[in-house]
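Taking it in order: structure first as C-alpha cells, then the write-up.
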Amino acid sequence: MPDVDEEKDRERLDALEEQMKSIDRKIDAFYISLLPVLNRERSAHPVKIEAGMQTKLPQPELEPLQTQPRIQPQMQIQNKNYRVKDIGLAEQGKLKIEWAERHMPVLMRIRREFETAGPLKGIRIAACLHVTKETAVLMRTLKAGGADVALCASNPLSTQDDVAAALALEGIKIYAWRGVSSEEYYWCINRVLDTRPNITMDDGADLISTVHSKRIDLLPTILGGQEETTTGVIRLRAMAADGALKYPLFAVNDTPTKHMFDNVYGTGQSTMDGIIRATNVLIAGKNFVVCGYGYCSGGIARVAKGLGANVIITEVDPTKALKATMDGFRVMPIADAARVGDIFVTATGDKNVIRGEHMILMKDNAILANSGHFNAEISIPDLENISAGKRRIRENVEEYKTKAGKRLYLLAEGRLVNLAAAEGHPSEVMDMSFADQALCAEYFAKHAKELEPLVYDVPEDIDLRVARLKLESMGVRIDALTEEQKKYLQSWQEGT
Ligand SMILES: NC(=O)c1ccc[n+]([C@@H]2O[C@H](COP(=O)([O-])OP(=O)(O)OC[C@H]3O[C@@H](n4cnc5c(N)ncnc54)[C@H](O)[C@@H]3O)[C@@H](O)[C@H]2O)c1
C-alpha cells in the first residue's frame, strides 16, 4: 500500500503538471496571436520572441541563415548528345539497370515485342522523368521499339548520376545530373525539346507546360503527351478546362495499374526508405504524422503502422478522414498534430500544408519530410523565418535552429524524400507504371490522329493487359466468368 503522504505528493505533482501544461498552452496561444504582427515587423525590426521560447537548450555553433550553395558536380561531362555528372560512373549505372531489368518482367516482355514489331520507328520521344534505374529500363524499351529518345530529370534531386552516365554511353540523349539549379533544370528541359519530339512524357507536367508557354513552335509535330503523376494530371486537366491544351494526353497516373500500386505501395515503401536512409531513426514508437490520406499518403501511413509507429493523419477531405479513422488511425488538424508529432510527412499535392504557425508548436528534434511532387508542401520560407540558423548535419538532413532554441530537421530540402534520399519506387511497381507508359506511346504512334486535344484515360485494354501480364509474371492465376455468370451480371430479372 502506498502511504498517504506519497499519494498526496503524487496528486500535488499531477496538479502542478496540469497547471504547467495549461500555462504552456496559454503562452503558445499568446505568441501565436502575436505572430501576424511579428511577421509584419520582422524585416524592419528583428524579433526575438516567438511561441515555444520557453524551451531552453544549449546553443550550438550555427551558420548564419543563408541559402546554402548546392554541392555542384565535380565534373560535368557535356557533348552534343548528353550532359551528365561523370561519365566514369557508367559501369556502376549499367549494373543498377541490369538489376532493375531482372525485377521488371512486364516491361521486359513488352520490350521483346517492340524489338520484333518496331512500333515506334521514326518517333521522337522527349521524356522528363525521375532519372532512376527503372526509367532507364523504360528508355531502353522505347529505343528497342525504334524510338529516338531524349531524357531530362523531373526533379532537381532525383537523378541517379551513375544511371544517367550509363544511358549517355548507350546513345540515349540525356541532360541530367543530381543537384541542378532552377536555371539548369530548364536548360535541360530545353535541350530535350530541341530534339523536336513527337511524344512528350512527363512526371509533373513541366515539359508540356514549357512547350505550351515557350516552345509553341514545336506544337505542329507533337502527336500526344503522357503524364505520370497526380500533380501533373491536375495541372493538365486545368489546362484542358481553360481550353489551353493543344495536343491529346494520356493521364497515365489515373489508370488503376498505375495509381493503385505505384502511389500506394511504391510511395509507401520508398518514402519510409528515404526517411530511414537519411536519419536512421527508429520508427517504432514514434508519433508519425502523415498529411493526407490519399493514395500515396495512405500507403505511407500503412507502412509506418507496420513498423510500429503511432500514426496520426491530417486531412481536409471528410470522406478520406473518415476512412482513416475507420482504418484505425488517429485523425486531427495539423495544428494539434504539430504539438505531438516526432516525424511529419506530407504527400498531398497541395501547398503550405505545414506552415510556420505549426512549426513553432513542434517538439524539439521533430523531423519534416515531403513525398508530394513539389517542394511546396512544407513552407520552407516559414521555416527559414522562424530560424536563427541552419547547418547540414547529415547527408539529406538540414538542422534548423529556431529562434526559440528548438531544432527541427528538414529532409532532402523538402523535395520528394523517396527519390532524393533513397532510390525511388522499387522496380517491381515501376514495372506496371512504365508498361502503361510504353503501351500508351505505341497507342499514340498508331492512333494519335483519331484523338482531340483533351486529357484521356489510358485505354482499358492496356490497363487490363498490364494487370494480366503482372499476375502471370508472379505466377498468380485467377478465375474467369462463366457464360451463365456473364449473362446474370448483365441482367435485372433475377432477384430474391
Ligand atoms: N513521391 C513519389 O514518388 C510520388 C509518387 C506518386 C505521386 N506523388 C505525388 O504525391 C502527391 C499526392 O498524390 P496522390 O496520388 O496520393 O493524391 P491523392 O489525391 O490520392 O491524395 C492527396 C490527399 O491529400 C489531401 N489533402 C489535400 N490538401 C491537404 C491539406 N492541406 N492537408 C491534409 N490533406 C490534404 C487530399 O484530400 C487527398 O486525400 C502528388 O503531388 C503526386 O504527384 C509522389
Side-chain angles (χ1 to χ4, degrees), residues 128-132 134-135 153-155 157-158 202-206 227-237 251-256 258-275 289-303 312-325 327 329 331-338 341 344-355 357-358 369-379 411-412 414-427 429-430 432-434 436-437:
C128 178
L129 301 170
H130 301 298
V131 180
T132 61
E134 292 76 21
T135 300
S154 55
N155 184 284
L157 291 187
S158 65
D202 252 308
D203 188 325
D206 285 339
E227 173 53 54
E228 169 77 5
T229 198
T230 317
T231 287
V233 171
I234 290 170
R235 291 177 80 188
L236 297 175
R237 289 202 195 280
V252 175
N253 176 75
D254 292 2
T255 206
K258 198 282 179 180
H259 68 268
M260 282 172 61
F261 303 92
D262 172 316
N263 300 27
V264 179
Y265 305 105
T267 315
Q269 180 171 316
S270 61
T271 298
M272 203 54 74
D273 185 13
I275 293 169
V289 179
V290 183
C291 298
Y293 199 65
Y295 288 101
C296 296
S297 35
I300 297 167
R302 280 192 284 278
V303 174
I312 295 166
I313 303 293
T314 75
E315 251 297 349
V316 290
D317 178 323
T319 317
K320 302 277 178 60
L322 190 58
K323 174 91 171 83
T325 308
D327 283 348
F329 296 108
V331 177
M332 59 181 80
I334 182 65
D336 293 350
F344 295 81
V345 188
T346 53
T348 66
D350 198 355
K351 69 187 284 196
N352 295 336
V353 176
I354 299 183
R355 303 182 290 277
E357 71 226 54
H358 310 129
N370 167 51
S371 213
H373 188 77
F374 288 120
N375 63 336
E377 304 211 11
I378 297 166
S379 172
L411 307 191
R415 299 194 188 275
L416 304 137
V417 70
N418 62 327
L419 283 141
E423 287 177 69
H425 293 8
S427 308
V429 86
M430 294 316 294
M432 290 185 279
S433 310
F434 285 165
D436 285 319
Q437 289 280 15

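As the structure lists them, so they are numbered: ligands from 1, and atoms in each ligand from 1. Because only heavy atoms are used, hydrogens play no part in the values below, and waters and symmetry mates are left out as well, while side chains stay in.
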*Heavy atom of the protein closest to atom 21 (O) of ligand 1 (residue, atom name, distance)*: Gly294 CA, 3.3 Å
_For Glu315, state whether at least one heavy atom is located under 4.0 Å from any atom of ligand 1._
yes
*May I ask which of Val417, Asn370, Val353 has a heavy atom nearer to atom 32 (N) of ligand 1 than the others do?*
Val353
*Going by the order shown, which atoms of ligand 1 are within less than 4.0 Å of some heavy atom of Thr229?*
6 (C), 7 (C), 8 (N), 9 (C), 42 (C), 43 (O)
*Numbered atoms and elements of ligand 1 in range of Ala347, under 4.0 angstrom, heavy atoms*: 12 (C)
_Is the shortest side-chain heavy-atom distance between Val264 and Arg302 below 4.5 Å?_
yes
*So which protein heavy atom does atom 20 (O) of ligand 1 come closest to, and at what separation?*
Tyr295 N, 3.0 Å
*Backbone or side-chain N or O of Asn263 under 3.5 Å from ligand 1 N or O*: yes
*Hey, is CZ on Phe374 packed in by over 12 heavy atoms from elsewhere, all under 6.0 Å?*
yes
*Please write down residue, atom name and distance for the protein heavy atom closest to atom 30 (C) of ligand 1.*
Val316 CG1, 3.6 Å
_Taking 4.0 angstrom as the limit and counting only heavy atoms of Thr314, give me the atoms of ligand 1 inside it, by number and element._
33 (C), 34 (N)
*Less than 3.5 Å between some nitrogen or oxygen of His373 and one of ligand 1, yes or no?*
yes
*With backbone taken as N, CA, C and O and side chain as the heavy atoms from C-beta onward, which portion of Thr230 lies under 4.0 Å from ligand 1: side chain, backbone, both, or neither?*
both
_Counting only heavy atoms closer than 4.0 Å, does ligand 1 sit against the backbone of His425, its side chain, both, or neither?_
side chain
*asked:* With rounding to the nearest 0.5 angstrom, report the CE to CE distance, Met260 to Met432.
replied: 9.5 Å
*May I ask you to list the atoms of ligand 1 that are less than 4.0 angstrom from any heavy atom of Gly292?*
24 (O), 33 (C), 34 (N)
*Hey, are the side chains of Val429 and Gln269 touching, using non-hydrogen atoms and a 4.5 Å cut-off?*
no
*Give the residue and atom name of whichever protein heavy atom lies nearest to atom 11 (C) of ligand 1, and the separation in Å to one decimal.*
Gly349 N, 3.7 Å
*Look up atom CZ in Phe434 and atom NE2 in His425, then write down how far apart they are to the nearest 0.5 Å.*
9.0 Å
*Is there a side-chain contact between Lys258 and Glu228 (heavy atoms, below 4.5 Å)?*
yes
_Identity and separation of the nearest protein heavy atom to atom 3 (O) of ligand 1_ = Asn418 ND2, 2.8 Å
*Contact atoms of ligand 1, heavy-atom distance to Asp317 under 4.0 Å*: 37 (O)
_Would Ser371 count as being in polar contact with ligand 1, using the rule that some N or O on each side must be under 3.5 angstrom apart?_
yes
*asked:* If we set the cut-off at 4.0 Å for heavy atoms, which region of Cys296 has an atom near ligand 1: side chain, backbone, both, or neither?
replied: both
*When Ile354 is tested against each of Val345, Val289, Thr346 for side-chain contact (heavy atoms from CB on, under 4.5 Å), which residue passes?*
Thr346
*Shortest protein heavy-atom distance from atom 5 (C) of ligand 1, along with the residue and atom involved*: Thr267 OG1, 3.3 Å
*Min side-chain heavy-atom separation Asp327-Tyr293 under 4.5 Å*: yes
*At what distance is the nearest protein heavy atom to atom 31 (N) of ligand 1, and which residue and atom is it?*
Asp350 OD2, 3.3 Å
*Student check: side-chain heavy atoms of Asn155 and Asn375 closer than 4.5 Å*: no
*Going by distance only, is there an N or O of Lys258 that falls short of 3.5 Å from an N or O of ligand 1?*
no
*At a non-hydrogen distance cut-off of under 4.0 Å, which region of Leu416 contacts ligand 1 (side chain, backbone, both, or neither)?*
side chain
*asked:* So, using side-chain hydrogen bond (donor to acceptor under 3.5 Å, both in side chains) as the criterion, who are the partners of Lys351 when residues are at least two apart?
replied: none
*Please examine the side chains of Asp206 and Arg235, heavy atoms only from C-beta on, and report whether any two atoms are closer than 4.5 Å.*
yes
_Any heavy-atom pair between the side chains of Asp203 and His373 that's under 4.5 Å?_
yes
*Should we count CZ of Phe329 as having more than 12 external heavy atoms under 6.0 Å?*
yes
*asked:* Return the closest protein heavy atom for atom 22 (C) of ligand 1 as residue, atom name and distance.
replied: Thr348 O, 3.5 Å
*Just by distance, with hydrogens left out, do Thr255 and Asp436 show a side-chain donor and acceptor under 3.5 Å apart?*
no
*With backbone taken as N, CA, C and O and side chain as the heavy atoms from C-beta onward, which portion of Thr231 lies under 4.0 Å from ligand 1: side chain, backbone, both, or neither?*
both
